[in-house]
Every structure is written in structure tokens, then in C-alpha cells.
Amino acid sequence: MKPALICPAGSLPALKNAIEGGADAVYTGFKNRTNARNFAGLNFSDQALVDGIAYTRAKQREILIAINTYPQPEQVEEWRYAVDAAAALGVDAVILADVGLLAYARERHPDLNLHLSVQGSATNYEAINFCQREFGIRRVVLPRVLTLEQVGHLIQNTDVEVEVFGFGSLCVMNEGRCWLSSYATGESPNTVGACSPAKFVRWEKRRERAGEPPGEHMDARLNGVLIDSFAPSEPAGYPALCKGRFEVRGDTYYALEEPTSLNVLEILPQLVKMGIAAIKIEGRQRSPAYVAQVTRAMRAALDHAIASVAKGGEYKVEPSWRAELSRIAEGHQATLGAYSRPWR
């Protein structure tokens, strides 16, 4: 099996850039809280989505709709309507996390291709096989908590296609279960679709304090909570709680997680050999230029990895791929995350 390259599309320009860059499929979401990237100015209007589907069809690629947040009991009709709308549009698959919505989709739209979202937090083959048996899922997007060996073991014990993340921002590897944004703002990304919603974000300029570099500093706050303070020479990042620097016992550092991007360039042949169905790029909240750049580099690298595995040749990461992805990596840092745990 040749792994498909699945790329983010938070807007019509991003969708076109992904397709032109070589994506086999794009994934997007509606402009509401049913998707986990529900930021202002992001996602598709009804007409833009129709245009995006037509463009994708003309290029003989696939489009997937993420309805990957969790409805509350009094709001379930909004999420069901989103499933109905995706089915009516004729998308290639719907990415769902909530088991109630999975059951609804299977009953109401039996021919609809269902993928289990990373937000569903299925980390073992028993959970995946349950969702296949009960809801007919065809693919699962794995949370970013498994080693390569664990991913391989899972693949050997399920008939469900397996999709993994290959590049993009990491969270605290708690997909579908994170309460940090809810703690600070009262709004959970798992229900309203936005981690650290922009309406709670504030950047405040100030002069240096004792012991700080001279010049104008930038404090980033989330609902009044100080998340980070940036020196004049530092770019001011978005204040998500898990990426903040905090004082712990007299030391100030990234206490939960450093800003860094997952990058699987080094292990693409291993992923190909173990039978991965798709490699996903994170970043629906990122710019069309980001989408173009990461799609172009990952397309070239994945094609090389597939060819090297098929022909038994050598796989080598080209410096240009590494450089291109490093420029757009969060914090300009890269990690293999849980895929590689050398201390084990």
C-alpha cells in the first residue's frame, strides 16, 4: 500500500495550494463549533466549500470533512446537521470522534465513509476494532502517543486503515481529553472547537524589568492568565497554555511542552513498510503559504521513501526538505515525538 498524503485546508487558497503541491486528499471543516479548528476567519463558507469540492474533484483528489468535536446533550442537532450536510455534499469521508455521532452517521448514511478522528483517542486495536464492528469505520487517525513498534503492532491486529501524523504542531498528546483551555477560559476545544480562543487572547507591550534584556517586551495572556513573556528579539507566539513558560520552584521554562513540530522525514520508510494508509499534515489554522511549503516537501520525501522501499534502494533525507520544513516548524524545532523513545 502506498500511503496517501493528507493535507490541511482551512481556506480555499490553502486547499488549492495543497492539491497543487501534491496532496492526495485534503481535510477541512465547517465554519462552526463542530470542528476542532473553529477560529474566527478560518474555514469555509457554504459557497467556498462547494467551490473547493469542485476543484478537488476536477483534480481527481479527495476531500474529507472533520466533524471532530463533542456535542453536548442539548446541542446534538447542530452536529447531526453537520453530518447530514457533509453527506449531501458528497465528500469522500467524514472524520468523527463522538460515538453517538458515529452511530447516527452509520444509521442515517450507511454509504458514508467514516474515519475515527484523532480526537477519539483510540490508542489500541481493541478500541479500533470495536468502532469498526459497531460503526463501520474504515480508517482511524492515531493519537500521537504511540511508538513505531506500537503502531506496527496495532496495524497487525486490525483491518481498519491506519493514518498517522507526519508533520505539524504537537499538543500535550492528549487529543480529545485536554481541559487546559477550558480551565483558563471556560471554553473547551473539545466542545467549541478552538483551543485558547482568540477572543481571550491579549498581547501587552511593556518595558523591561530588572534582569531582562533592554527594550520593549511582549506579554501574552489568555483570559488574563500570563502565558509567556517575549524579549524584544523573540517572536511572540500564540498563548496556548500547554506551550507557555511558567515559573516552577524559582525556574522559568516550558513546564508542559516546548513549542516544536513533529517531523517524520527520518522514519518515512519505516512507516511505509509497516503498511500505514495515510500520513497527515497538521495545520488547518496555518496560512496557505505554510500549506504549500509543507505539502511540496513532504510529497517529495514520501515519493522517495515509497520508491526506496519498493526497489530496495537507499533512502536519504535531502537537505532541501529538512531546511524547508525547519523554516515553518513551531519554534524552529523538530521532534519525532512518541515515535522514538530511546530511553525504553
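Values reported hereafter were calculated over all heavy atoms of this structure, with side chains retained and with hydrogens, waters and symmetry mates removed.
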- Message: Using every non-hydrogen atom in the two residues, find where S196 and A240 come nearest and quote the distance to one decimal.
- Response: OG-CA, 3.3 Å

- Criterion side chain to side chain contact (heavy atoms under 4.5 Å, CB included) on F230 and R245, from CA distance to verdict: CA-CA 10 Å; F230 300 94; R245 285 180 287 197; 3.7 Å; yes

- Message: Regarding S261 and N263, do their side chains bring together a donor and an acceptor under 3.5 Å, going by distance alone?
- Response: no

- Message: In this structure, would M298 and L142 fall into the same cluster of hydrophobic residues linked by side-chain contacts under 4.5 Å?
- Response: yes

- W79 vs D98 side-chain heavy atoms within contact, under 4.5 Å: no

- Message: Can you see whether E20 engages Y55 through a side-chain donor-acceptor pair at a distance of less than 3.5 angstrom?
- Response: yes

- Message: With heavy-atom distances below 4.5 Å as the criterion, would you say the side chains of E62 and D24 are in contact?
- Response: no

- Query: Between the main-chain N or O of Q333 and the side-chain N or O of T260, is there a donor-acceptor pair closer than 3.5 Å?
  - Reply: yes

- Task: Start with the C-alpha gap between E266 and R322, add the side-chain angles, then the distance that decides, and say whether salt bridge (Lys or Arg N to Asp or Glu O under 4.0 Å) holds.
- Result: CA-CA 10 Å; E266 303 285 351; R322 196 189 307 277; 2.7 Å; yes

- Message: Using the rule side chain to side chain contact (heavy atoms under 4.5 Å, CB included), only one of L114, I6, N113 pairs with R139; which is it?
- Response: I6

- Kindly say whether G215 contributes a backbone atom to a donor-acceptor pair with the side chain of E208 at under 3.5 angstrom? yes

- Charged N to carboxylate O below 4.0 Å: is that the case for E216 and R207? no

- Message: Taking L241 as the starting point, is it possible to reach L226 by hopping between hydrophobic residues whose side chains are less than 4.5 Å apart?
- Response: no

- Is the CD atom of Q72 crowded by more than 12 outside heavy atoms at less than 6.0 Å? yes

- Item | Exam field: side chain K280 to backbone G166, donor-acceptor pair closer than 3.5 Å | no

- Task: For the pair R57 and I63, evaluate side chain to side chain contact (heavy atoms under 4.5 Å, CB included) and give the outcome as yes or no after the intermediate values.
- Result: CA-CA 8 Å; R57 290 280 179 268; I63 185 165; 4.2 Å; yes

- Message: side chain to side chain contact (heavy atoms under 4.5 Å, CB included), that's the test. Do L64 and T28 meet it? Break it down for me.
- Response: CA-CA 6 Å; L64 321 175; T28 185; over 6 Å; no

- Checking Q285, R286, R284 against E282 for side-chain hydrogen bond (donor to acceptor under 3.5 Å, both in side chains), the one that qualifies is Q285

- Does K2 NZ have over 12 foreign heavy atoms under 6.0 Å away? no

- Query: Can any side-chain N or O of N223 pair as donor or acceptor with the backbone N or O of A184 at less than 3.5 Å?
  - Reply: yes

- Task: Spell out, as yes or no, whether a donor-acceptor pair under 3.5 Å connects the side chain of R80 to the backbone of Y104.
- Result: no

- Task: Answer whether the closest heavy-atom distance between the side chains of I281 and L5 falls below 4.5 Å.
- Result: yes

- Between L256 and C242, what is the shortest heavy-atom contact and its length? CB-O, 3.6 Å

- Task: Could you tell me how the ring of Y290 sits relative to the ring of F167: parallel (under 30°), tilted (30 to 60°) or perpendicular (over 60°)?
- Result: tilted

- Note on the structure: OH (Y27) and CG (D92) are apart, to the nearest 0.5 Å, by 16.0 Å

- Message: Is there a path of hydrophobic side-chain contacts, each under 4.5 Å between heavy atoms, that joins V160 and L271?
- Response: yes

- Message: How close do L302 and P3 get, counting heavy atoms only, and between which atoms?
- Response: CD2-O, 3.6 Å

- Query: Does some side-chain heavy atom of F246 sit less than 4.5 Å from a side-chain heavy atom of D251?
  - Reply: no

- Query: Under a 4.5 Å cut-off applied to non-hydrogen side-chain atoms, are N17 and T295 in contact?
  - Reply: no

- Task: Is it possible for you to say whether L146 and I155 belong to one hydrophobic cluster, with membership spreading through side-chain heavy-atom contacts below 4.5 Å?
- Result: yes

- Query: Can you name the nearest heavy-atom pair linking I128 to I137, along with the distance?
  - Reply: O-CD1, 3.9 Å

- Would you please say whether a donor-acceptor pair under 3.5 Å links the side chains of K243 and S169? yes

- For the student: nearest non-hydrogen atoms of T69 and G193, plus distance: CG2-CA, 3.7 Å

- Query: What do the steps show when you test M274 against I276 for side chain to side chain contact (heavy atoms under 4.5 Å, CB included), and what is the final call?
  - Reply: CA-CA 6 Å; M274 66 175 54; I276 291 296; 4.0 Å; yes

- Task: Could you tell me whether R33 and E78 make a salt bridge, using a distance below 4.0 angstrom between a side-chain N and a carboxylate O?
- Result: yes

- Query: Is there a path from V145 to V141 through hydrophobic residues (I, L, V, M, F, W, Y) whose side chains come within less than 4.5 Å of each other?
  - Reply: yes

- Message: Taking A198's backbone N and O only, do any of them form a donor-acceptor pair with Y238's side chain (distance below 3.5 Å, no angle check)?
- Response: yes

- Say you draw a straight line from CD of E149 to CD of Q270; how long is it, rounded to the nearest 0.5 Å? 9.5 Å

- From the list L101, I67, L96, side chain to side chain contact (heavy atoms under 4.5 Å, CB included) with T34 holds only for I67

- Just do the salt bridge (Lys or Arg N to Asp or Glu O under 4.0 Å) check on R138 and E163 with the steps written out, would you? CA-CA 11 Å; R138 300 183 194 176; E163 181 175 315; over 6 Å; no

- Side-chain (R61) to main-chain (I19) donor-acceptor, under 3.5 angstrom: yes

- Heavy-atom pair with the smallest gap, counting every atom of A36 and N68: N-OD1, 2.8 Å

- Query: F165 ring centre to R144 NZ or CZ under 6.0 Å, with the angle to the axis within 45°?
  - Reply: yes

- Message: Quick check: do W203 and P239 have side-chain heavy atoms less than 4.5 Å from each other?
- Response: yes

- Message: Nearest 0.5 Å, please: how far is CG in L268 from CD1 in I306?
- Response: 9.0 Å

- Query: Between D303 and R299, is the closest basic N to carboxylate O distance under 4.0 Å?
  - Reply: yes

- Please confirm whether the backbone N or O of E187 pairs with a side-chain atom of S181, one donor and one acceptor, at under 3.5 Å? yes

- Query: So, do Y125 and H153 sit near enough that their side-chain heavy atoms are less than 4.5 Å apart?
  - Reply: yes

- Item | Donor-acceptor under 3.5 Å (E324 side chain, W321 main chain) | no

- Taking the six-membered ring for Trp, are the ring centroids of H304 and Y315 within less than 6.0 Å of each other? yes

- Could you give the distance from CG (N43) to OG (S11), rounded to the nearest 0.5 Å? 9.0 Å

- Examine the side chains of S229 and D219 and answer whether a donor and an acceptor come within less than 3.5 Å of each other. yes

- Query: CG/D84 to NE2/H109 distance, rounded to the nearest 0.5 angstrom?
  - Reply: 3.5 Å

- Task: Any chance you could measure N38, atom CG, to C195, atom SG, to the nearest 0.5 Å?
- Result: 12.5 Å

- Item | Close side-chain approach of V140 to V118, heavy-atom, < 4.5 Å | no

